[in-house]
S.K.: 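Take this structure first; my questions come after.
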Amino acid sequence: DSMNSSGYTFYEPCIPWRSRSSRIILYIFIIAGIICTVFGNFLVVLSIAYFKQLQSPTNSFVMSLAVADFLVGLIVMPYSMIRTIEGCWYFGPVFCEIHSSLDVMLCTASIFHLSCIAFDRYYAVCNPLVYGFKMSKTRVTLLIITCWVVPLLISFAPILLGLHKLGIETKLPHDVCYFLVNQVYAITASFVAFYLPMFIMLVAYWKIYKAAKRQAMQINAVENQMTIQNGAVNSTKKQKQRNSMKRERKAAKTLGIIMGAFLIFWLPFFTTNVIDPFIEYQTDMVIWEVFLWLGYVNSSLNPFLYGFFNRSFRRAFFMIIGCKICLPGSPPSIDLSN
(Lines give C-alpha, C1' and ligand atoms only; values in the text may rest on other atoms or scores of the structure.)
Protein backbone atom coordinates (compact mmCIF):
# COMPACT_ATOMS: atom_id res chain seq x y z
CA ASP A 1 0.00 0.00 0.00
CA SER A 2 1.06 3.59 -0.52
CA MET A 3 -0.23 6.81 1.08
CA ASN A 4 -0.63 10.21 -0.61
CA SER A 5 -0.99 13.66 0.95
CA SER A 6 -4.81 13.44 1.08
CA GLY A 7 -4.69 10.51 3.46
CA TYR A 8 -6.25 7.99 1.06
CA THR A 9 -4.74 4.54 0.62
CA PHE A 10 -4.04 3.48 -2.95
CA TYR A 11 -3.56 -0.15 -3.97
CA GLU A 12 -0.94 -0.85 -6.61
CA PRO A 13 -2.17 -2.25 -9.95
CA CYS A 14 -2.28 -6.03 -9.97
CA ILE A 15 0.70 -8.08 -11.08
CA PRO A 16 0.21 -11.77 -11.93
CA TRP A 17 2.63 -13.63 -9.69
CA ARG A 18 1.96 -17.30 -10.26
CA SER A 19 3.96 -19.38 -12.72
CA ARG A 20 2.33 -20.78 -15.84
CA SER A 21 2.42 -24.38 -14.57
CA SER A 22 0.85 -23.50 -11.21
CA ARG A 23 -1.93 -21.54 -12.96
CA ILE A 24 -2.71 -24.52 -15.21
CA ILE A 25 -2.91 -26.86 -12.20
CA LEU A 26 -5.19 -24.45 -10.34
CA TYR A 27 -7.43 -24.03 -13.40
CA ILE A 28 -7.83 -27.81 -13.75
CA PHE A 29 -8.55 -28.25 -10.05
CA ILE A 30 -11.04 -25.38 -9.74
CA ILE A 31 -12.80 -26.12 -13.05
CA ALA A 32 -13.36 -29.67 -11.82
CA GLY A 33 -14.92 -28.23 -8.64
CA ILE A 34 -17.13 -25.90 -10.67
CA ILE A 35 -18.34 -28.77 -12.85
CA CYS A 36 -19.18 -30.84 -9.75
CA THR A 37 -21.07 -27.88 -8.26
CA VAL A 38 -23.12 -27.23 -11.39
CA PHE A 39 -23.77 -30.88 -12.27
CA GLY A 40 -24.52 -32.04 -8.71
CA ASN A 41 -27.02 -29.29 -8.02
CA PHE A 42 -28.60 -29.71 -11.46
CA LEU A 43 -29.19 -33.38 -10.60
CA VAL A 44 -30.98 -32.36 -7.40
CA VAL A 45 -33.23 -29.87 -9.22
CA LEU A 46 -34.06 -32.30 -12.03
CA SER A 47 -34.74 -35.17 -9.61
CA ILE A 48 -37.22 -33.19 -7.52
CA ALA A 49 -38.87 -31.64 -10.58
CA TYR A 50 -39.35 -35.03 -12.29
CA PHE A 51 -40.09 -37.58 -9.55
CA LYS A 52 -43.34 -37.02 -7.66
CA GLN A 53 -42.13 -39.00 -4.65
CA LEU A 54 -39.46 -36.35 -4.02
CA GLN A 55 -41.91 -33.44 -4.12
CA SER A 56 -42.35 -32.71 -0.40
CA PRO A 57 -42.13 -29.54 1.75
CA THR A 58 -38.60 -30.41 2.84
CA ASN A 59 -37.47 -31.06 -0.72
CA SER A 60 -38.95 -27.73 -1.80
CA PHE A 61 -36.24 -26.13 0.34
CA VAL A 62 -33.67 -28.58 -1.00
CA MET A 63 -34.61 -27.73 -4.57
CA SER A 64 -34.43 -23.98 -3.97
CA LEU A 65 -31.09 -24.52 -2.19
CA ALA A 66 -29.84 -26.44 -5.22
CA VAL A 67 -30.88 -23.57 -7.52
CA ALA A 68 -28.88 -21.10 -5.39
CA ASP A 69 -25.82 -23.38 -5.33
CA PHE A 70 -26.20 -24.08 -9.07
CA LEU A 71 -26.08 -20.33 -9.77
CA VAL A 72 -23.05 -19.95 -7.48
CA GLY A 73 -21.22 -22.50 -9.61
CA LEU A 74 -22.48 -21.15 -12.92
CA ILE A 75 -22.15 -17.35 -12.65
CA VAL A 76 -20.04 -16.59 -9.55
CA MET A 77 -17.26 -19.17 -9.30
CA PRO A 78 -15.90 -18.83 -12.89
CA TYR A 79 -15.11 -15.12 -12.49
CA SER A 80 -13.77 -15.66 -8.98
CA MET A 81 -11.55 -18.39 -10.40
CA ILE A 82 -9.96 -16.04 -12.94
CA ARG A 83 -9.46 -13.35 -10.27
CA THR A 84 -7.90 -15.84 -7.86
CA ILE A 85 -5.55 -17.52 -10.34
CA GLU A 86 -4.55 -14.55 -12.47
CA GLY A 87 -4.42 -12.08 -9.58
CA CYS A 88 -6.15 -9.47 -11.75
CA TRP A 89 -9.70 -8.41 -12.59
CA TYR A 90 -10.26 -8.12 -16.36
CA PHE A 91 -13.97 -7.28 -16.39
CA GLY A 92 -14.12 -3.64 -15.27
CA PRO A 93 -15.22 -1.91 -12.05
CA VAL A 94 -18.96 -1.99 -12.86
CA PHE A 95 -19.07 -5.75 -13.28
CA CYS A 96 -16.90 -6.05 -10.17
CA GLU A 97 -19.76 -4.50 -8.18
CA ILE A 98 -22.32 -6.74 -9.91
CA HIS A 99 -20.21 -9.85 -9.33
CA SER A 100 -19.73 -8.97 -5.65
CA SER A 101 -23.49 -8.44 -5.30
CA LEU A 102 -24.26 -11.80 -6.93
CA ASP A 103 -21.64 -13.46 -4.74
CA VAL A 104 -23.11 -12.08 -1.51
CA MET A 105 -26.71 -12.70 -2.59
CA LEU A 106 -26.36 -16.31 -3.78
CA CYS A 107 -24.08 -17.48 -0.97
CA THR A 108 -26.41 -15.87 1.59
CA ALA A 109 -29.43 -17.48 -0.09
CA SER A 110 -27.68 -20.85 0.14
CA ILE A 111 -27.06 -20.39 3.88
CA PHE A 112 -30.65 -19.23 4.46
CA HIS A 113 -31.97 -22.39 2.81
CA LEU A 114 -29.80 -24.53 5.08
CA SER A 115 -31.40 -22.89 8.13
CA CYS A 116 -34.90 -23.40 6.66
CA ILE A 117 -34.17 -27.11 6.15
CA ALA A 118 -33.08 -27.32 9.80
CA PHE A 119 -36.27 -25.49 10.84
CA ASP A 120 -38.38 -27.86 8.73
CA ARG A 121 -36.70 -30.97 10.18
CA TYR A 122 -37.17 -29.63 13.70
CA TYR A 123 -40.96 -29.55 13.31
CA ALA A 124 -41.00 -32.90 11.50
CA VAL A 125 -39.10 -34.68 14.30
CA CYS A 126 -39.96 -32.71 17.46
CA ASN A 127 -43.53 -31.60 16.68
CA PRO A 128 -44.89 -34.06 14.10
CA LEU A 129 -48.53 -33.43 15.06
CA VAL A 130 -48.36 -29.77 13.98
CA TYR A 131 -45.91 -30.29 11.10
CA GLY A 132 -48.61 -30.33 8.42
CA PHE A 133 -49.96 -26.98 9.66
CA LYS A 134 -46.59 -25.31 10.27
CA MET A 135 -45.19 -26.40 6.93
CA SER A 136 -48.16 -25.84 4.66
CA LYS A 137 -47.55 -24.98 1.02
CA THR A 138 -48.22 -21.30 1.73
CA ARG A 139 -45.72 -21.14 4.60
CA VAL A 140 -43.08 -23.04 2.64
CA THR A 141 -43.53 -20.64 -0.29
CA LEU A 142 -43.20 -17.62 1.99
CA LEU A 143 -40.05 -19.02 3.59
CA ILE A 144 -38.48 -19.71 0.19
CA ILE A 145 -39.33 -16.17 -0.96
CA THR A 146 -37.70 -14.85 2.23
CA CYS A 147 -34.60 -16.92 1.47
CA TRP A 148 -34.22 -14.97 -1.78
CA VAL A 149 -35.52 -11.51 -0.91
CA VAL A 150 -33.46 -10.89 2.25
CA PRO A 151 -30.14 -11.79 0.53
CA LEU A 152 -31.15 -9.51 -2.34
CA LEU A 153 -31.72 -6.63 0.09
CA ILE A 154 -28.35 -7.02 1.84
CA SER A 155 -26.39 -7.42 -1.40
CA PHE A 156 -27.46 -5.45 -4.47
CA ALA A 157 -29.07 -2.51 -2.66
CA PRO A 158 -26.15 -1.46 -0.40
CA ILE A 159 -23.36 -2.58 -2.74
CA LEU A 160 -24.59 -0.84 -5.90
CA LEU A 161 -25.37 2.29 -3.85
CA GLY A 162 -21.88 2.19 -2.33
CA LEU A 163 -23.16 2.02 1.25
CA HIS A 164 -20.82 -0.87 2.06
CA LYS A 165 -17.72 1.30 1.63
CA LEU A 166 -18.79 4.58 3.20
CA GLY A 167 -15.90 5.97 5.24
CA ILE A 168 -13.27 3.68 3.67
CA GLU A 169 -10.34 5.81 2.54
CA THR A 170 -9.04 3.28 0.06
CA LYS A 171 -8.79 3.56 -3.71
CA LEU A 172 -8.66 0.45 -5.87
CA PRO A 173 -7.26 0.34 -9.43
CA HIS A 174 -9.51 -0.77 -12.28
CA ASP A 175 -7.79 -4.15 -12.60
CA VAL A 176 -8.36 -5.09 -8.94
CA CYS A 177 -11.65 -6.37 -7.48
CA TYR A 178 -11.36 -6.52 -3.69
CA PHE A 179 -14.61 -6.52 -1.74
CA LEU A 180 -13.78 -4.06 1.04
CA VAL A 181 -16.59 -3.24 3.48
CA ASN A 182 -16.92 -0.81 6.38
CA GLN A 183 -17.45 -1.88 9.97
CA VAL A 184 -21.22 -1.34 10.00
CA TYR A 185 -21.84 -3.38 6.85
CA ALA A 186 -19.41 -6.12 7.94
CA ILE A 187 -21.19 -6.66 11.25
CA THR A 188 -24.75 -6.28 9.92
CA ALA A 189 -24.34 -8.40 6.80
CA SER A 190 -22.36 -11.12 8.61
CA PHE A 191 -24.96 -11.34 11.36
CA VAL A 192 -27.88 -11.60 8.91
CA ALA A 193 -26.13 -13.83 6.37
CA PHE A 194 -24.31 -16.23 8.69
CA TYR A 195 -24.50 -15.90 12.47
CA LEU A 196 -28.31 -15.80 12.72
CA PRO A 197 -28.79 -18.83 10.39
CA MET A 198 -25.97 -20.62 12.25
CA PHE A 199 -27.77 -20.09 15.56
CA ILE A 200 -31.03 -21.41 14.08
CA MET A 201 -29.27 -24.50 12.73
CA LEU A 202 -27.43 -25.21 15.99
CA VAL A 203 -30.60 -24.96 18.09
CA ALA A 204 -32.72 -26.97 15.63
CA TYR A 205 -30.23 -29.79 15.15
CA TRP A 206 -29.49 -30.00 18.88
CA LYS A 207 -33.22 -30.38 19.61
CA ILE A 208 -33.55 -32.94 16.81
CA TYR A 209 -30.66 -34.95 18.23
CA LYS A 210 -32.15 -34.88 21.75
CA ALA A 211 -35.59 -35.85 20.43
CA ALA A 212 -34.19 -38.75 18.38
CA LYS A 213 -32.19 -39.99 21.36
CA ARG A 214 -35.22 -39.74 23.64
CA GLN A 215 -37.44 -41.61 21.16
CA ALA A 216 -34.86 -44.38 20.79
CA MET A 217 -34.66 -44.75 24.58
CA GLN A 218 -38.46 -44.92 24.85
CA ILE A 219 -38.63 -47.61 22.17
CA ASN A 220 -35.95 -49.62 23.94
CA ALA A 221 -37.77 -49.28 27.29
CA VAL A 222 -41.06 -50.51 25.82
CA GLU A 223 -39.39 -53.45 24.09
CA ASN A 224 -37.48 -54.41 27.25
CA GLN A 225 -40.70 -54.33 29.26
CA MET A 226 -42.40 -56.58 26.73
CA THR A 227 -39.46 -58.97 26.87
CA ILE A 228 -39.61 -59.17 30.70
CA GLN A 229 -43.36 -59.75 30.66
CA ASN A 230 -42.96 -62.56 28.16
CA GLY A 231 -40.33 -64.14 30.40
CA ALA A 232 -37.95 -64.84 27.53
CA VAL A 233 -35.51 -63.02 25.32
CA ASN A 234 -36.92 -62.55 21.90
CA SER A 235 -34.23 -62.32 19.23
CA THR A 236 -36.53 -60.32 16.92
CA LYS A 237 -37.07 -57.66 19.58
CA LYS A 238 -33.33 -57.54 20.22
CA GLN A 239 -32.74 -56.97 16.54
CA LYS A 240 -35.27 -54.13 16.58
CA GLN A 241 -33.43 -52.56 19.50
CA ARG A 242 -30.15 -52.76 17.63
CA ASN A 243 -31.75 -51.26 14.52
CA SER A 244 -33.19 -48.44 16.61
CA MET A 245 -29.80 -47.61 18.11
CA LYS A 246 -28.21 -47.86 14.67
CA ARG A 247 -30.72 -45.34 13.27
CA GLU A 248 -29.98 -43.02 16.18
CA ARG A 249 -26.24 -43.18 15.56
CA LYS A 250 -26.74 -42.67 11.84
CA ALA A 251 -29.02 -39.65 12.40
CA ALA A 252 -26.54 -38.13 14.86
CA LYS A 253 -23.68 -38.75 12.42
CA THR A 254 -25.58 -37.17 9.53
CA LEU A 255 -26.51 -34.09 11.56
CA GLY A 256 -22.93 -33.79 12.77
CA ILE A 257 -21.57 -33.96 9.22
CA ILE A 258 -24.06 -31.37 7.93
CA MET A 259 -23.45 -28.93 10.77
CA GLY A 260 -19.71 -29.57 10.85
CA ALA A 261 -19.32 -28.98 7.12
CA PHE A 262 -21.32 -25.75 7.32
CA LEU A 263 -19.17 -24.38 10.16
CA ILE A 264 -15.83 -25.54 8.72
CA PHE A 265 -16.46 -24.02 5.32
CA TRP A 266 -18.11 -20.70 6.26
CA LEU A 267 -16.98 -19.76 9.78
CA PRO A 268 -13.41 -18.73 8.75
CA PHE A 269 -14.67 -16.35 6.06
CA PHE A 270 -17.31 -14.59 8.14
CA THR A 271 -15.04 -14.34 11.17
CA THR A 272 -12.38 -12.67 9.04
CA ASN A 273 -15.03 -10.51 7.37
CA VAL A 274 -16.00 -9.04 10.75
CA ILE A 275 -12.46 -8.62 12.06
CA ASP A 276 -10.79 -7.17 8.94
CA PRO A 277 -12.41 -3.67 8.99
CA PHE A 278 -11.28 -3.25 12.62
CA ILE A 279 -7.63 -4.03 11.82
CA GLU A 280 -7.43 -1.57 8.91
CA TYR A 281 -7.83 -4.26 6.21
CA GLN A 282 -4.53 -5.93 6.99
CA THR A 283 -5.72 -9.46 6.10
CA ASP A 284 -3.60 -10.90 3.30
CA MET A 285 -5.50 -11.45 0.03
CA VAL A 286 -4.30 -15.06 -0.17
CA ILE A 287 -6.08 -15.73 3.14
CA TRP A 288 -9.21 -14.04 1.79
CA GLU A 289 -9.16 -16.20 -1.34
CA VAL A 290 -8.66 -19.43 0.61
CA PHE A 291 -11.53 -18.66 3.00
CA LEU A 292 -13.80 -17.58 0.14
CA TRP A 293 -13.20 -20.80 -1.79
CA LEU A 294 -13.84 -22.80 1.36
CA GLY A 295 -17.29 -21.22 1.37
CA TYR A 296 -17.79 -22.09 -2.29
CA VAL A 297 -16.94 -25.73 -1.47
CA ASN A 298 -20.04 -25.82 0.73
CA SER A 299 -22.15 -25.21 -2.39
CA SER A 300 -20.37 -28.14 -4.06
CA LEU A 301 -21.00 -30.48 -1.13
CA ASN A 302 -24.65 -29.64 -0.47
CA PRO A 303 -25.95 -32.07 -3.15
CA PHE A 304 -23.93 -34.85 -1.49
CA LEU A 305 -24.96 -33.92 2.06
CA TYR A 306 -28.66 -33.51 1.31
CA GLY A 307 -29.00 -35.87 -1.63
CA PHE A 308 -26.61 -38.79 -1.60
CA PHE A 309 -27.39 -39.56 2.06
CA ASN A 310 -30.98 -40.25 0.96
CA ARG A 311 -31.75 -43.57 -0.74
CA SER A 312 -34.55 -42.15 -2.90
CA PHE A 313 -32.33 -39.33 -4.13
CA ARG A 314 -29.51 -41.76 -4.91
CA ARG A 315 -31.79 -43.91 -7.04
CA ALA A 316 -33.17 -40.83 -8.80
CA PHE A 317 -29.62 -39.67 -9.57
CA PHE A 318 -28.62 -43.05 -11.01
CA MET A 319 -31.76 -43.18 -13.14
CA ILE A 320 -31.09 -39.71 -14.55
CA ILE A 321 -27.38 -40.35 -15.16
CA GLY A 322 -28.21 -43.66 -16.84
CA CYS A 323 -30.92 -41.96 -18.95
CA LYS A 324 -33.45 -44.44 -17.57
CA ILE A 325 -36.07 -41.72 -17.13
CA CYS A 326 -36.35 -41.66 -20.93
CA LEU A 327 -37.56 -45.28 -20.95
CA PRO A 328 -41.32 -46.07 -21.00
CA GLY A 329 -41.12 -47.96 -17.70
CA SER A 330 -39.85 -44.96 -15.69
CA PRO A 331 -42.80 -42.65 -15.09
CA PRO A 332 -42.53 -39.68 -12.65
CA SER A 333 -44.65 -41.64 -10.15
CA ILE A 334 -42.18 -44.56 -9.90
CA ASP A 335 -41.40 -45.78 -6.36
CA LEU A 336 -37.84 -44.77 -5.47
CA SER A 337 -37.81 -46.43 -2.05
CA ASN A 338 -37.02 -49.96 -3.25
Side-chain angles (χ1 to χ4, degrees), residues 35-74 106 109-149 201 204-205 208 211-212 215 243 247 250-251 253-255 257-258 261 298-338:
I35 292 173
C36 288
T37 304
V38 172
F39 182 69
N41 286 287
F42 176 74
L43 274 180
V44 174
V45 174
L46 185 58
S47 298
I48 298 174
Y50 182 80
F51 294 104
K52 293 182 178 180
Q53 184 178 335
L54 298 178
Q55 295 169 6
S56 64
T58 302
N59 288 342
S60 296
F61 294 120
V62 174
M63 183 176 183
S64 190
L65 166 68
V67 171
D69 290 332
F70 173 82
L71 293 176
V72 169
L74 188 68
L106 293 174
S110 177
I111 295 172
F112 268 43
H113 283 92
L114 296 179
S115 63
C116 280
I117 292 173
F119 184 71
D120 173 85
R121 291 297 82 203
Y122 163 75
Y123 273 108
V125 175
C126 301
N127 294 284
L129 296 179
V130 299
Y131 176 75
F133 170 74
K134 292 292 185 179
M135 288 299 164
S136 63
K137 289 185 178 180
T138 302
R139 288 174 182 264
V140 169
T141 302
L142 289 176
L143 284 172
I144 291 176
I145 292 174
T146 303
C147 287
W148 288 98
V149 172
M201 291 177 68
Y205 283 141
I208 290 171
Q215 290 169 7
N243 291 339
R247 286 194 299 269
K250 183 178 180 181
K253 182 179 178 181
T254 302
L255 294 177
I257 291 174
I258 290 172
N298 193 238
S299 293
S300 304
L301 288 182
N302 281 335
F304 295 89
L305 296 176
Y306 290 91
F308 286 102
F309 281 172
N310 184 291
R311 182 181 301 172
S312 297
F313 267 109
R314 287 199 303 270
R315 189 176 184 205
F317 293 163
F318 289 136
M319 291 184 69
I320 293 173
I321 294 173
C323 296
K324 293 183 178 179
I325 61 174
C326 304
L327 301 176
S330 300
S333 58
I334 190 173
D335 184 11
L336 298 171
S337 302
N338 297 323

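All residue numbers refer to positions in the sequence shown, counting from 1. Computed from a predicted model, the values in this text were never measured in an experiment.
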S.K.: What closest approach, in Å, do Y123 and K134 show between heavy atoms, and which atom pair accounts for it?
M.R.: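 In this case the closest contact between Y123 and K134 is CE2-CG, 3.7 Å.
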S.K.: Just verifying a value: how many Å separate S300 OG and D69 CG, rounded to the nearest 0.5 Å?
M.R.: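 These two atoms lie 8.0 Å from each other.
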S.K.: Taking all heavy atoms of V140 and all of P57, pick out the closest pair and write down the distance.
M.R.: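 Closest approach of V140 to P57: CG2-CB, 4.0 Å.
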S.K.: Taking N59 for its side chain and Q55 for its backbone only, find out whether a donor-acceptor pair lies under 3.5 Å.
M.R.: no
S.K.: Look up atom OH in Y122 and atom SG in C116, then write down how far apart they are to the nearest 0.5 Å.
M.R.: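 Separation between the atoms: 15.0 Å.
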S.K.: Assess the residue pair F70 and V38 against the criterion (side-chain contact (heavy atoms from CB on, under 4.5 Å)); give the C-alpha distance rounded to whole Å, side-chain angles, the decisive distance to 0.1 Å, and a yes or no.
M.R.: CA-CA 5 Å; F70 173 82; V38 172; 3.3 Å; yes
S.K.: Given I321 and F39, is the side-chain contact (heavy atoms from CB on, under 4.5 Å) satisfied, shown in steps?
M.R.: CA-CA 11 Å; I321 294 173; F39 182 69; 4.3 Å; yes
S.K.: Roughly how far, to the nearest 0.5 Å, is OG1 of T146 from NE2 of H113?
M.R.: 9.5 Å
S.K.: For A316, give me all partners under side-chain contact (heavy atoms from CB on, under 4.5 Å), at least two apart in sequence or on another chain.
M.R.: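 A316 satisfies side-chain contact (heavy atoms from CB on, under 4.5 Å) with S47, F51, L54, L336 only.
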S.K.: Would you name the heavy atoms of A204 and F119 that are closest together and state the gap between them?
M.R.: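 Taking every non-hydrogen atom into account, CB-N, 4.5 Å.
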S.K.: Is there a donor-acceptor pair closer than 3.5 Å between any side-chain N or O of N310 and the backbone N or O of F313?
M.R.: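 Confirmed, N310 side chain pairs with F313 backbone.
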S.K.: Please name the pair of heavy atoms, one in P303 and one in S299, separated by the smallest distance, quoted to 0.1 Å.
M.R.: CD-O, 3.5 Å
S.K.: Can you name the side chain to side chain donor-acceptor pair (under 3.5 Å) partners of T58, sequence neighbours left out?
M.R.: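 Checked T58 against side chain to side chain donor-acceptor pair (under 3.5 Å); matches are D120, R121, Y131.
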S.K.: Can you name the nearest heavy-atom pair linking V125 to A211, along with the distance?
M.R.: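 Distance-wise, the nearest heavy atoms are CG1-CB, 4.1 Å.
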S.K.: Heavy-atom distance under 4.5 Å between the side chains of F112 and L65, does that happen here?
M.R.: no
S.K.: Where the side chain of S110 meets the backbone of L106, is there a donor-acceptor pair that is under 3.5 Å apart?
M.R.: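 The answer is no, because no donor-acceptor pair under 3.5 Å joins these two groups.
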S.K.: Look only at the side chain of S64 and the backbone of S60, and say whether a donor-acceptor pair between them is shorter than 3.5 Å.
M.R.: no
S.K.: Just verifying a value: how many Å separate L305 CG and L114 CG, rounded to the nearest 0.5 Å?
M.R.: 9.0 Å
S.K.: Sequence neighbours left out, what passes side-chain contact (heavy atoms from CB on, under 4.5 Å) with L46? Give chain and number order.
M.R.: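 For L46 the side-chain contact (heavy atoms from CB on, under 4.5 Å) partners, ignoring immediate neighbours, are F42, I320.
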S.K.: Which distance, rounded to the nearest 0.5 Å, do you find between the CZ of F61 and the CE of M135?
M.R.: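 So the CZ of F61 and the CE of M135 are separated by 5.0 Å.
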